[in-house]
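A short write-up of the structure that comes next.
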Amino acid sequence: MAALQHLSSSIVAPLPSQFRSRFHLRRRCRLIPSASASQQKDNAITRRQLIGGLHAAAAISLSPLTGKAMAAEGPLSEWERVFLPVDPGVVLLDIAFVPDDPSHGFLLGTRQTILETKDGGSTWAPRSIPSAEDEDFNYRFNSISFKGKEGWIIGKPAILLYTADSGDTWRRIPLSSQLPGDMVYIQATGDKGAEMVTDQGAIYVTSNGGYNWKAAVQESVSATLNRTVSSGISGASYYTGTFSAVNRSPDGKYVAVSSRGNFYLTWEPGQPYWQPHNRAVARRIQNMGWRADGGLWLLVRGGGLYLSKGTGVTEEFEEIPVQSRGFGILDVGYRSQDEAWAAGGSGILLKTNNSGKTWIRDKAADNIAANLYSVKFINDKQGFVLGNDGVLLKYLG
C-alpha cells in the first residue's frame, strides 16, 4: 500500500369521514401510508390531526377486506411508510440531510437511484446529476455524508461526487484507477475534507476537495492477517480480501466484519493497521456497530443480538434475547443513549428503551414484504429505516 500513499437508518365510535377517506388502518400493519407530493397538496391531514381523531374514536381500525370497524390491537406504530417514485427492485442504501437545513436531504440506492426531499423526508423526487449520467453505467450509490454545506457521494463502479452548496450542484471528482477495492463508506469532515473507506480496508483522507488522498492505513488487511495468522485469529486463513460491513463511531473509530463473518476488525485514528479480533460467538457475524455509550453491538446470522461488556473495543459479548421470529437482524440504530431500534428480514422491527437490555417487537411492518437493511437516525426527532424494493419508513416519534 506504500504506492498508494497519495491518490489523485372494542368499538366506541366510527372514524370521522375526513380520516376514513385518506387513511386505512390495517389490523396488523398499522403504518400510515405517506402519499406522493402531488397527492398531499390537497386535503392534507397532519399526523397530529390524525392522532387526535383516533383518540376521539377510541383507537379503532378498519378491516382492509370488509371495511368493518374492528378493535385496535394497541397504539399506533412510531413509523410510517413513505412511498417512493422508484422501481420495485431498488435497494435503498444510505440517507443524509444537510445539517443547516434538516428538511433538505438525499436518499441513495441501487440502479442509479438518487432521490431528494425538501420537506424532511415526507415526499421524495428523483434527482438528476448530469456528471453521474455521462457514461453507460448503472451506478450503485453506496454512501452519502454532509458537513455544513459540503457533501459527498460515492458509488460503484467507482464514482465520487462533491457539493459545496448543500447539494444544489454536484461535480464529479476523478479517482485513481489504482484505488484498492470498492468504495463503501464516506464521511464528510468539513473544509473540503473527507474520509473514505473501501471494502478491502483502505482508508483515505483528503483536505482539498478530493483531488489528493492520503492513506491512513499503512498496510492491507491481507498483509496484516498474514503477520497475525499465527497469533490465533480464527478464520483468518479463509479471508477473501473484503469486508461485508463497515461502521464508524462519531469519534472516528471503525469496526468491520470479514466477508465470511468469521472474525471482525477495528481501527482508530493513529493506528498503522487494522486490529483483527476473534468472534466470541458460535454463529458467524452478520453486522457490527457502535452503541451510543461507545460499546459495540453484534448481530449474528439467524437473528441473534449481542452487546459488548463495557465500552470500547473488546472480545467479550453477552447475548440479548430478542423476538426475531427466526429472521435475521440486519442493523441497529440508536436514537438516544437509551432508545434504539433494530431492523431485519421480513419487516422485523425491534425497540429498546433501556440501552439494549430488553427488546420488544413493533408489529407495524409485519405485512411489508421486504427486508429492512439499515436504521438511520439523523437526530432524536428524525429517523429512517431503509429496505429493499424501495421500502422507506419514516420515524414519527
Side-chain angles (χ1 to χ4, degrees), residues 9 30-32 47-48 51 74-82 92 94-105 107 117 120-122 144-147 185 187-188 245-255 287-299 305-314 317-324 329-344 347-365 372-387 392-397:
S9 157
R30 295 181 293 277
L31 290 173
I32 306 168
R47 174 176 171 267
R48 181 169 298 185
I51 293 176
L76 284 172
S77 169
E78 296 177 66
W79 301 85
E80 69 174 358
R81 180 173 180 182
V82 179
L92 304 179
D94 202 8
I95 189 171
F97 284 75
V98 179
D100 298 336
D101 183 6
S103 63
H104 188 197
L107 178 63
T117 181
S122 296
I144 181 172
S145 177
F146 278 94
K147 179 77 171 182
Y185 180 84
Q187 176 69 41
V246 180
N247 281 298
R248 185 182 189 272
S249 71
D251 58 354
K253 298 177 183 178
Y254 284 92
V255 60
N287 196 6
M288 291 183 70
W290 301 91
R291 303 197 306 262
D293 64 0
L296 290 166
W297 52 261
L298 181 152
L299 306 174
L305 186 154
Y306 294 76
L307 299 180
S308 64
K309 297 180 180 180
T311 59
V313 177
T314 180
F317 288 80
E318 58 181 344
E319 185 173 9
I320 307 299
V322 292
Q323 302 176 29
S324 66
I329 304 174
L330 303 176
D331 195 25
V332 176
Y334 277 77
R335 175 177 172 264
S336 65
Q337 192 81 6
D338 298 322
E339 183 182 328
W341 289 82
I348 286 291
L349 271 178
L350 304 169
K351 178 186 180 181
T352 180
N353 285 313
N354 54 13
S355 302
K357 296 180 179 66
T358 59
W359 296 78
I360 57 174
R361 185 163 63 93
D362 186 330
K363 300 179 181 179
L372 306 178
Y373 290 118
S374 180
V375 182
K376 302 279 187 180
F377 277 97
I378 314 302
N379 50 55
D380 61 352
K381 294 181 173 61
Q382 195 173 26
F384 298 87
V385 175
L386 285 60
L392 177 69
L393 308 183
K394 180 174 181 284
Y395 181 71
L396 297 175

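One-based numbering along the sequence shown.
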Exercise for the section: Could you tell me the separation between the CG atom of D293 and the CG atom of L307, rounded to the nearest 0.5 Å? Expected result: 8.5 Å
Fill in the blank from the handout: Of all heavy-atom pairs linking T358 and T352, the shortest is O-OG1, 2.9 Å
Practice task
Taking R248 for its side chain and Y185 for its backbone only, find out whether a donor-acceptor pair lies under 3.5 Å.
Solution key: no
Practice task
Ignoring hydrogens and angles, tell me if any N or O in the side chain of R335 forms a donor-acceptor pair with the backbone of D380 under 3.5 Å.
Solution key: yes
Problem - Atom of L392, atom of L92 and distance for their closest heavy-atom approach - result: CB-CD1, 3.9 Å
Problem - T314 versus S308, closest heavy-atom pair with distance - result: CG2-CB, 3.5 Å
Handout entry: Proximity of Y395 and F377 rings by center, below 6.0 Å
Key = yes
Completion exercise
Between G347 and A365, the two heavy atoms sitting closest are O-CB, 3.4 Å
Handout entry: Heavy-atom pair with the smallest gap, counting every atom of Q323 and I348
Key = O-CD1, 4.4 Å
Exercise for the section: For residues Y254 and V246, determine if any side-chain heavy atom of one lies less than 4.5 Å from a side-chain heavy atom of the other. Expected result: yes
Problem - Rounded distance [0.5 Å steps], CG in L393 versus CG in D362 - result: 9.5 Å
Exercise for the section: Could you check if a side-chain atom of L299 sits within less than 4.5 angstrom of a side-chain atom of V332, using non-hydrogen atoms only? Expected result: yes
Exercise for the section: Return yes if some donor-acceptor pair links the side-chain N/O of S145 with the main-chain N/O of A188 below 3.5 Å, else return no. Expected result: yes
Exercise for the section: Kindly write out the residues that satisfy side chain to side chain contact (heavy atoms under 4.5 Å, CB included) with N353, not counting sequence neighbours, or none if the list is empty. Expected result: E339, K351
Exercise for the section: Supply the atom-to-atom distance D94 CG to Y373 OH, rounded to the nearest 0.5 angstrom. Expected result: 15.5 Å
Problem - Non-neighbouring partners of F317 that pass ring-ring contact (aromatic ring centres under 6.0 Å, His included), sequence neighbours left out - result: none
Exercise for the section: State, with a plain yes or no, whether a side-chain heavy atom of L305 is found less than 4.5 Å away from one of E319. Expected result: no
Handout entry: Residue pair S336 / A292: nearest heavy atoms and the distance that separates them
Key = O-CB, 3.7 Å
Problem - Value rounded to 0.5 Å, distance of NZ in K147 from CG in D100 - result: 10.5 Å
Exercise for the section: Supply the atom-to-atom distance K363 NZ to L349 CG, rounded to the nearest 0.5 angstrom. Expected result: 13.0 Å
Completion exercise
To the nearest 0.5 Å, atom CZ of F146 lies from atom CG of D101 at 10.0 Å
Problem - Criterion side-chain hydrogen bond (donor to acceptor under 3.5 Å, both in side chains) on S355 and D338, from CA distance to verdict - result: CA-CA 4 Å; S355 302; D338 298 322; 3.1 Å; yes
Problem - Pairwise side-chain contact, L350 with W341, heavy-atom cut-off 4.5 Å (strictly under) - result: no
Handout entry: Trace of the side-chain contact (heavy atoms from CB on, under 4.5 Å) decision for L330 with L372
Key = CA-CA 7 Å; L330 303 176; L372 306 178; over 6 Å; no
Exercise for the section: Assess the pair Y306 and W297: is the distance between their ring centroids shorter than 6.0 Å? Expected result: no
Handout entry: Qualifying residues under side chain to side chain contact (heavy atoms under 4.5 Å, CB included), relative to K394, sequence neighbours excluded
Key = E80, V82, S122, F384
Exercise for the section: Decide side-chain contact (heavy atoms from CB on, under 4.5 Å) for N287 and D331; before the verdict, give the C-alpha distance in whole Å, the side-chain angles of both, and the deciding distance to 0.1 Å. Expected result: CA-CA 7 Å; N287 196 6; D331 195 25; 3.6 Å; yes
